[in-house]
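Written out below as structure tokens is the structure these notes cover.
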Amino acid sequence: MYAYIDGKLIFKSPAYVVIDAGGVGYHINISLNTYSLLGDAERCKLFTWLHVKEDAHTLYGFADEGERRLFLHLISISGIGPNTGRMMLSSITPLEIQTAIINGNVSLIQRIKGIGPKSAQRVILELQDKLRKEGSETLNTTPIIKSVRDEALAALVMLGFARNAAEKVLEQEINKNGGSLTVEQLIKFALKSL
């Protein structure tokens with residue numbers, strides 16, 4: 001529901017922040033990773049995710065889009081809720097979590113409080129291929145898009161297509177049309193071939 005909240009940082013603790021945006025104070029739960037990245041800024045922007053339950057609506061905030069994306073992957077695993085996901089991001093950095101999952105490092109994930117051996121194995125089993133397919137650049141705070149091809153590739157990967165297959169199809173389409181396509185045209189042609 002909320003993509004991000006940008007405003008004046010009213011209160012900051014290792015567990016949550018309060019951001020005043022347009023006269024409304026938002027209580028946003030954060031990880032230690034986000035806490036450390038906020039620094040002493042008076043104004044901040046957090047990428048958010050809203051958890052809706054019967055008895056509560058809880059906002060979770062992240063310093064960048066990559067951390068939020070990893071959090072959403074983590075909570076998609078059966079038995080891992082938002083608080084456990086936040087604990088994971090507080091225990092080790094998002095890059096360390098992603099690397100551990102891709103490399104199948106059960107012992108590192110298991111060291112996180114609240115994650116036992118079965119949960120660690122489940123996380124690796126369910127996320128290893130997804131994170132490999134997305135590539136390591138998904139944790140970059142601001143993806144650098146250099147060309148029409150790069151933008152189309154990023155869109156196709158976000159739609160769930162394998163990076164290698166998407167790259168091949170995009171190269172074929174660019175070569176066929178002499179590189180004079182817009183991002184939208186390139187994506188439409190690629191979707192027909194994928």
Side-chain angles (χ1 to χ4, degrees), residues 1-103 105-117 119-120 122-124 126-128 130-131 134-145 154 158:
M1 183 175 179
Y2 303 107
Y4 65 85
I5 294 178
D6 185 0
K8 185 177 179 187
L9 186 60
I10 302 298
F11 177 80
K12 179 177 101 169
S13 78
Y16 71 93
V17 294
V18 175
I19 296 177
D20 180 342
V24 178
Y26 293 92
H27 180 283
I28 305 170
N29 293 305
I30 59 170
S31 67
L32 282 175
N33 179 63
T34 295
Y35 176 78
S36 65
L37 293 174
L38 286 176
D40 295 328
E42 255 187 58
R43 186 170 183 82
C44 72
K45 176 180 179 180
L46 291 180
F47 294 88
T48 56
W49 179 74
L50 177 65
H51 183 228
V52 179
K53 293 191 307 188
E54 250 177 52
D55 58 344
H57 289 198
T58 310
L59 272 173
Y60 291 87
F62 309 94
D64 55 61
E65 178 60 39
E67 184 182 10
R68 177 173 64 179
R69 194 176 304 117
L70 182 58
F71 173 81
L72 292 175
H73 280 312
L74 292 171
I75 64 170
S76 72
I77 307 297
S78 174
I80 296 181
N83 283 326
T84 304
R86 184 171 67 145
M87 176 65 73
M88 292 176 79
L89 292 169
S90 294
S91 300
I92 56 178
T93 67
L95 184 59
E96 289 171 327
I97 293 172
Q98 185 177 30
T99 304
I101 292 170
I102 290 172
N103 295 332
N105 189 345
V106 177
S107 63
L108 179 61
I109 295 171
Q110 193 178 324
R111 279 188 272 172
I112 299 168
K113 184 181 179 213
I115 303 292
S119 293
R122 193 178 316 119
V123 166
I124 289 170
E126 293 187 31
L127 294 181
Q128 196 170 41
K130 282 182 189 174
L131 295 180
E134 286 182 3
S136 60
E137 64 275 359
T138 59
L139 289 179
N140 288 350
T141 53
T142 51
I144 300 168
I145 296 174
M158 290 299 289

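Hydrogens, waters and symmetry mates play no part in the numbers below; they use all other heavy atoms, side chains included.
- The shortest heavy-atom contact between V106 and P117 is CG1-O, 4.5 Å.
- For the salt bridge (charged side-chain N to carboxylate O under 4.0 Å, His left out) test, residues two or more places apart in sequence or in another chain that qualify with D6 are R43.
- Put simply, the side chain of E67 never gets that close to the backbone of F62: no donor and acceptor are under 3.5 Å apart.
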Mind listing the side-chain donor-acceptor pairs of residues 49-59 below 3.5 Å, one per line with the distance, residues two or more places apart or on another chain?
none

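- With sequence neighbours left out, the ring pair (Phe, Tyr, Trp, His ring centres under 6.0 Å) criterion links F11 to Y16.
- Under a 3.5 Å cut-off, the side chain of R122 and the backbone N or O of G79 do not form any donor-acceptor pair.
- Note: S91 OG to L108 CG = 10.0 Å, rounded to the nearest 0.5 Å.
- Every residue meeting the side-chain contact (heavy atoms from CB on, under 4.5 Å) condition with N103, not counting sequence neighbours, appears here in chain and number order: T99.
- Rounded to the nearest 0.5 Å, atoms NZ (K130) and CD1 (I101) are 10.5 Å apart.
- Here the closest non-hydrogen pair linking A100 and I124 is O-CD1, 4.3 Å.
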Would you give me the side-chain donor-acceptor pairs under 3.5 Å for residues 82-90, sequence neighbours excluded?
| residue | atom | partner | partner atom | Å |
| --- | --- | --- | --- | --- |
| N83 | OD1 | Y60 | OH | 3.3 |
| R86 | NH1 | A15 | O | 2.7 |
| R86 | NH1 | I30 | O | 3.4 |
| S90 | OG | L32 | N | 2.9 |
| S90 | OG | R86 | O | 3.0 |

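- Taking all atoms of both residues into account, the shortest heavy-atom contact from I28 to G61 is CG2-N, 3.1 Å.
- Looking only at side-chain heavy atoms (C-beta outward), L131 and L70 come within less than 4.5 Å of each other.
- Looking at R69 and M158, their side chains come closer than 4.5 Å, going by heavy atoms from C-beta outward.
- Taking each heavy atom of G81 and I75 in turn, the nearest pair found is O-CG2, 3.5 Å.
- Between the E96 side chain and the T93 main chain, a donor and an acceptor come within less than 3.5 Å of each other.
- Residue pairs that meet the ring pair (Phe, Tyr, Trp, His ring centres under 6.0 Å) test with at least one member in residues 72-95, sequence neighbours left out, do not exist here.
- Once rounded to the nearest 0.5 Å, the distance linking SG of C44 with OH of Y4 reads 12.5 Å.
- In this structure, the separation between CG on D20 and CG on L9 is 10.5 Å, given to the nearest 0.5 Å.
- Counting heavy atoms from C-beta outward, I109 and I97 have side chains that stay 4.5 Å or more apart.
- No donor-acceptor pair closer than 3.5 Å links the side chain of K12 to the backbone N or O of L38.
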